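The next block holds one structure in the form of C-alpha coordinates; read it before the comments.
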Amino acid sequence: MRITILCVGKIKEKFFADAVAEYVKRIGRYHKIEVVEVADEKTPDGAGEALNGQIMAREGERLLGKIKEGSYVAALAIEGRELSSEELAGKLEALAVNGESHVTFVIGGSLGLSGQVKKRADFLLSFSRMTFPHQLMRVVLLEQIYRCCKISAHEPYHK
(Lines give C-alpha, C1' and ligand atoms only; values in the text may rest on other atoms or scores of the structure.)
Protein backbone atom coordinates (compact mmCIF):
# COMPACT_ATOMS: atom_id res chain seq x y z
CA MET A 1 0.00 0.00 0.00
CA ARG A 2 1.10 3.55 -0.67
CA ILE A 3 0.52 6.06 2.12
CA THR A 4 0.70 9.83 1.78
CA ILE A 5 0.64 12.23 4.71
CA LEU A 6 -0.60 15.50 3.20
CA CYS A 7 -0.25 18.46 5.52
CA VAL A 8 -0.21 22.22 5.76
CA GLY A 9 3.04 23.94 6.71
CA LYS A 10 6.58 22.92 7.37
CA ILE A 11 7.91 21.38 10.56
CA LYS A 12 9.85 24.08 12.39
CA GLU A 13 11.13 22.28 15.49
CA LYS A 14 14.01 19.84 15.02
CA PHE A 15 12.59 17.34 17.53
CA PHE A 16 9.36 17.07 15.51
CA ALA A 17 11.32 16.76 12.25
CA ASP A 18 13.48 14.01 13.77
CA ALA A 19 10.42 12.11 15.00
CA VAL A 20 8.74 12.40 11.58
CA ALA A 21 11.88 11.12 9.84
CA GLU A 22 12.19 8.19 12.26
CA TYR A 23 8.59 7.03 11.79
CA VAL A 24 8.76 7.46 8.00
CA LYS A 25 11.84 5.20 8.05
CA ARG A 26 10.11 2.59 10.24
CA ILE A 27 6.89 2.59 8.17
CA GLY A 28 8.99 2.28 5.00
CA ARG A 29 9.69 -1.35 5.92
CA TYR A 30 5.97 -2.08 5.43
CA HIS A 31 4.60 0.48 2.97
CA LYS A 32 5.72 3.10 0.51
CA ILE A 33 5.22 6.37 2.40
CA GLU A 34 5.69 10.03 1.66
CA VAL A 35 5.03 13.29 3.47
CA VAL A 36 3.77 16.10 1.24
CA GLU A 37 3.61 19.64 2.59
CA VAL A 38 1.69 22.59 1.17
CA ALA A 39 2.34 26.20 2.13
CA ASP A 40 0.44 27.63 5.04
CA GLU A 41 -1.10 31.09 5.16
CA LYS A 42 -0.09 33.70 7.68
CA THR A 43 -2.88 34.11 10.21
CA PRO A 44 -2.84 37.56 11.81
CA ASP A 45 -3.60 37.80 15.52
CA GLY A 46 -7.23 38.66 16.10
CA ALA A 47 -8.29 37.59 12.60
CA GLY A 48 -12.05 37.47 12.24
CA GLU A 49 -14.19 34.56 11.19
CA ALA A 50 -14.35 35.75 7.56
CA LEU A 51 -10.55 36.02 7.21
CA ASN A 52 -10.06 32.65 8.93
CA GLY A 53 -12.50 31.12 6.45
CA GLN A 54 -10.55 32.61 3.52
CA ILE A 55 -7.28 31.27 4.94
CA MET A 56 -8.72 27.77 5.37
CA ALA A 57 -10.16 27.91 1.84
CA ARG A 58 -6.76 28.84 0.31
CA GLU A 59 -4.98 26.11 2.27
CA GLY A 60 -7.78 23.71 1.32
CA GLU A 61 -7.33 24.45 -2.39
CA ARG A 62 -3.63 23.64 -2.07
CA LEU A 63 -4.42 20.38 -0.29
CA LEU A 64 -7.05 19.35 -2.84
CA GLY A 65 -4.57 20.04 -5.63
CA LYS A 66 -2.16 17.48 -4.16
CA ILE A 67 -4.61 14.61 -3.68
CA LYS A 68 -3.93 11.95 -6.30
CA GLU A 69 -6.82 10.66 -8.38
CA GLY A 70 -8.12 7.38 -6.98
CA SER A 71 -6.58 7.85 -3.55
CA TYR A 72 -8.68 7.00 -0.50
CA VAL A 73 -8.71 10.16 1.64
CA ALA A 74 -8.82 10.10 5.44
CA ALA A 75 -8.98 13.65 6.79
CA LEU A 76 -8.14 14.38 10.40
CA ALA A 77 -11.02 16.33 11.89
CA ILE A 78 -12.16 16.81 15.46
CA GLU A 79 -15.71 15.78 14.48
CA GLY A 80 -14.48 12.59 12.83
CA ARG A 81 -14.75 9.05 14.12
CA GLU A 82 -12.43 7.93 16.90
CA LEU A 83 -10.81 4.51 16.38
CA SER A 84 -8.60 2.36 18.55
CA SER A 85 -5.20 1.41 17.13
CA GLU A 86 -6.53 -2.06 16.37
CA GLU A 87 -9.56 -0.61 14.60
CA LEU A 88 -7.38 1.67 12.49
CA ALA A 89 -5.15 -1.27 11.59
CA GLY A 90 -8.26 -3.24 10.61
CA LYS A 91 -9.54 -0.34 8.51
CA LEU A 92 -6.24 -0.11 6.61
CA GLU A 93 -6.24 -3.88 6.08
CA ALA A 94 -9.85 -3.78 4.81
CA LEU A 95 -8.99 -0.96 2.41
CA ALA A 96 -6.13 -3.01 0.98
CA VAL A 97 -8.34 -6.11 0.63
CA ASN A 98 -10.96 -3.99 -1.16
CA GLY A 99 -8.41 -2.84 -3.74
CA GLU A 100 -7.40 0.54 -2.32
CA SER A 101 -3.70 0.84 -3.12
CA HIS A 102 -3.19 4.46 -2.00
CA VAL A 103 -4.36 6.13 1.20
CA THR A 104 -3.89 9.85 1.82
CA PHE A 105 -4.15 11.19 5.36
CA VAL A 106 -4.81 14.95 5.42
CA ILE A 107 -3.81 17.23 8.30
CA GLY A 108 -4.94 20.85 8.19
CA GLY A 109 -3.16 23.95 9.37
CA SER A 110 -3.55 25.84 12.62
CA LEU A 111 -7.17 26.71 11.77
CA GLY A 112 -8.13 23.20 10.69
CA LEU A 113 -9.50 21.92 7.38
CA SER A 114 -11.84 23.67 4.99
CA GLY A 115 -15.29 22.26 4.35
CA GLN A 116 -14.23 21.41 0.77
CA VAL A 117 -11.43 19.14 2.01
CA LYS A 118 -13.77 17.44 4.49
CA LYS A 119 -16.34 16.97 1.72
CA ARG A 120 -13.69 15.34 -0.53
CA ALA A 121 -12.64 12.97 2.26
CA ASP A 122 -13.82 9.37 2.21
CA PHE A 123 -13.43 9.17 5.98
CA LEU A 124 -13.09 11.70 8.80
CA LEU A 125 -10.72 10.47 11.51
CA SER A 126 -10.48 12.00 14.97
CA PHE A 127 -7.77 11.28 17.49
CA SER A 128 -9.63 13.11 20.26
CA ARG A 129 -12.09 15.90 20.88
CA MET A 130 -9.08 17.89 22.10
CA THR A 131 -7.17 20.23 19.82
CA PHE A 132 -3.52 19.44 19.06
CA PRO A 133 -0.83 21.50 17.34
CA HIS A 134 -0.79 20.39 13.70
CA GLN A 135 2.97 19.71 13.82
CA LEU A 136 2.55 17.38 16.80
CA MET A 137 -0.42 15.71 15.08
CA ARG A 138 1.87 14.70 12.22
CA VAL A 139 4.07 12.77 14.67
CA VAL A 140 1.08 11.20 16.44
CA LEU A 141 -0.45 10.09 13.12
CA LEU A 142 2.81 8.57 11.92
CA GLU A 143 3.28 6.74 15.22
CA GLN A 144 -0.23 5.27 14.90
CA ILE A 145 0.38 4.20 11.30
CA TYR A 146 3.58 2.48 12.43
CA ARG A 147 1.64 0.82 15.27
CA CYS A 148 -0.92 -0.35 12.67
CA CYS A 149 1.90 -1.88 10.62
CA LYS A 150 3.13 -3.82 13.65
CA ILE A 151 -0.40 -4.94 14.59
CA SER A 152 -1.16 -6.13 11.04
CA ALA A 153 2.16 -7.99 10.85
CA HIS A 154 1.44 -9.63 14.24
CA GLU A 155 4.66 -8.16 15.59
CA PRO A 156 5.10 -6.93 19.16
CA TYR A 157 4.93 -3.21 19.87
CA HIS A 158 5.11 -1.57 23.28
CA LYS A 159 1.84 -0.59 24.90
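Keep in mind the model is a prediction, meaning the values are calculated, not measured.
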In plain terms, say whether [X] and [Y] are close enough for a salt bridge, that is, a side-chain N and a carboxylate O under 4.0 Å apart.
{"X": "Glu87", "Y": "Lys91", "answer": "no"}
{"X": "Glu37", "Y": "Arg138", "answer": "yes"}
{"X": "Asp40", "Y": "Lys42", "answer": "no"}
{"X": "Glu59", "Y": "Arg62", "answer": "no"}
{"X": "Arg129", "Y": "Glu79", "answer": "no"}

Donor + acceptor pair across side chains of Ser85, Gln144 (<3.5 Å): yes

Check: His102/Thr4 side-chain N/O donor and acceptor closer than 3.5 Å: yes

Looking only at heavy atoms, which two atoms of [X] and [Y] are closest? And how far apart?
{"X": "Thr43", "Y": "Ser110", "result": "OG1-OG, 4.3 Å"}
{"X": "Ile151", "Y": "Ala89", "result": "CG2-CB, 3.9 Å"}
{"X": "Cys148", "Y": "Leu88", "result": "SG-CG, 3.6 Å"}
{"X": "Ile11", "Y": "Ala17", "result": "CG2-N, 3.4 Å"}
{"X": "His134", "Y": "Gly109", "result": "ND1-C, 3.8 Å"}
{"X": "Leu113", "Y": "Leu76", "result": "CD1-O, 3.3 Å"}

Donor-acceptor pair, side chain of Ser126 and main chain of Ile78, under 3.5 angstrom: yes

Side-chain (Ser71) to main-chain (Val73) donor-acceptor, under 3.5 angstrom: no

Out of curiosity, [X] [atom1] to [Y] [atom2], how far, rounded to the nearest 0.5 Å?
{"X": "Glu155", "Y": "Tyr157", "atom1": "CD", "atom2": "OH", "answer": "12.0 Å"}
{"X": "Glu93", "Y": "Asn98", "atom1": "CD", "atom2": "CG", "answer": "12.0 Å"}
{"X": "Asp122", "Y": "Arg120", "atom1": "CG", "atom2": "CZ", "answer": "5.5 Å"}

Verify the cluster assignment for [X] and [Y]: are they in a single hydrophobic cluster under the rule of side-chain heavy atoms below 4.5 Å apart?
{"X": "Met137", "Y": "Ile33", "result": "yes"}
{"X": "Val36", "Y": "Val140", "result": "no"}
{"X": "Leu124", "Y": "Leu92", "result": "no"}
{"X": "Leu125", "Y": "Leu6", "result": "no"}
{"X": "Met1", "Y": "Leu141", "result": "yes"}

Quick one: are [X] and [Y] in side-chain contact, heavy atoms under 4.5 Å?
{"X": "Ile3", "Y": "Ile5", "result": "yes"}
{"X": "Glu49", "Y": "Leu51", "result": "no"}
{"X": "Arg147", "Y": "Lys150", "result": "no"}
{"X": "Cys7", "Y": "Val35", "result": "yes"}
{"X": "Val20", "Y": "Val139", "result": "yes"}
{"X": "Lys68", "Y": "Arg2", "result": "yes"}
{"X": "Val117", "Y": "Ser114", "result": "yes"}

Stepwise side chain to side chain contact (heavy atoms under 4.5 Å, CB included) check, Tyr30 with Ile145: CA-CA 10 Å; Tyr30 302 90; Ile145 293 170; over 6 Å; no

Over 12 non-hydrogen atoms of neighbours within 6.0 angstrom of NZ in Lys66: no

Crowding at NZ, Lys12 (>12 non-hydrogen neighbours, <6.0 Å): yes

Aromatic plane relationship, Tyr23 with Tyr146 - under 30° parallel, 30 to 60° tilted, over 60° perpendicular: tilted

Worked verdict on Arg58 versus Glu61 for salt bridge (charged side-chain N to carboxylate O under 4.0 Å, His left out): CA-CA 5 Å; Arg58 284 193 293 268; Glu61 288 171 14; over 6 Å; no

Stepwise side chain to side chain contact (heavy atoms under 4.5 Å, CB included) check, Arg81 with Phe123: CA-CA 8 Å; Arg81 185 164 163 224; Phe123 184 75; 4.0 Å; yes

